[in-house]
Amino acid sequence: MTAWEIKEALSFLTEWNEDEDDTILALCKSSLKEVEAMLKADADRSDARISAAAAANAYCKLALKRSFSADKEEITSFKAGDVSITQNTSNNEKLLERAEKLYENALQSLIPLCKDEGFAFENVKIKVML
């Protein structure tokens, strides 16, 4: 699995300008490293779920980055006589929500390939002292 494969998978989710190619590739590398860090040692690294999770991670990061870099001085409401202009500012929020949901779903499908680093308390007895 390579960052270029992640970039190709990401291209099915969103578009970017040519001048963003280096940034997108770096984002894909970072996302792939994060996903690979979760995998078991014997996990098949060519499994399509890995590239899907890494692409979803990159998409989520890109959506977050774009939501932060949105122009702060956008007109959200303007009225002059009978003419009124309102911009929808919730698009970034909706995009981010969808990206996070996509990443959560990708991680769910990746669970069988991941290390189990969790713990649980079992058979815990509580003694109440009065």
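Only a predicted model underlies this, so the values are computations on that prediction, with no experimental measurement involved. Below, each value reflects all heavy atoms present in this structure, side chains not excepted, and no hydrogens, waters or symmetry copies.
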Working for side chain to side chain contact (heavy atoms under 4.5 Å, CB included), residues Leu96 and Glu100:
CA-CA 6 Å; Leu96 191 54; Glu100 289 172 345; 4.0 Å; yes
Between CG on residue Leu39 and CG on residue Leu110, distance to nearest 0.5 Å:
5.5 Å
Within the structure provided, determine whether Tyr59 and Leu95 are in side-chain contact (heavy-atom separation under 4.5 Å).
yes
May I ask you to decide whether Lys40 forms a salt bridge with Asp116, counting only side-chain N to carboxylate O separations under 4.0 Å?
no
Measure across Ser109 and Pro112 and return the closest heavy-atom pair with its distance rounded to 0.1 Å.
O-CD, 3.4 Å
Under 3.5 Å, is there a donor on one side chain and an acceptor on the other for Ser51 and Arg45?
no
What's the separation between atom CE in Met1 and atom CG in Asp47, rounded to the nearest 0.5 Å?
7.5 Å
Determine the minimum heavy-atom distance between Ser31 and Ala54, stating which atoms define it.
CB-O, 3.4 Å
Are the side chains of Leu10 and Ile24 in contact, using a 4.5 Å heavy-atom criterion?
yes
Roughly how far, to the nearest 0.5 Å, is the OG atom of Ser11 from the CD1 atom of Ile6?
11.0 Å
Are Trp16 and Leu25 joined in one hydrophobic group, where the rule is that I, L, V, M, F, W and Y side chains link up if heavy atoms are under 4.5 Å apart?
no
With no hydrogens and no angle check, do the side chains of Thr2 and Lys29 hold a donor and an acceptor under 3.5 Å apart?
no
Can you confirm whether Lys115 is buried at NZ, in the sense that more than 12 heavy atoms of other residues, nucleotides or ligands lie under 6.0 Å from that atom?
yes
Indicate yes or no: at least one non-hydrogen side-chain atom of Arg66 is less than 4.5 angstrom from one of Thr14.
yes
Do you know which two heavy atoms are closest between Ala3 and Leu32, and how far apart they sit?
N-CD2, 3.9 Å
Does the side chain of Leu62 reach to within under 4.5 Å of the side chain of Thr23, using non-hydrogen atoms?
no
I'd like to check Asn57 versus Lys61 (side-chain heavy atoms, cut-off strictly below 4.5 Å). Are they in contact?
yes
Nearest 0.5 angstrom please: Cys114 SG to Glu36 CD, how far?
11.5 Å
Identify the heavy atoms of Met38 and Tyr103 that sit nearest to each other, and give their distance.
CE-OH, 3.9 Å
Kindly give the heavy-atom pair with the smallest separation between Leu27 and Ala58, and that separation in Å.
CD2-O, 3.4 Å
Measuring from Leu13:CG to Cys60:SG, what's the distance to the nearest 0.5 Å?
11.0 Å
Taking the side chain as C-beta and beyond, is there a heavy-atom pair between Trp4 and Cys28 under 4.5 Å?
no
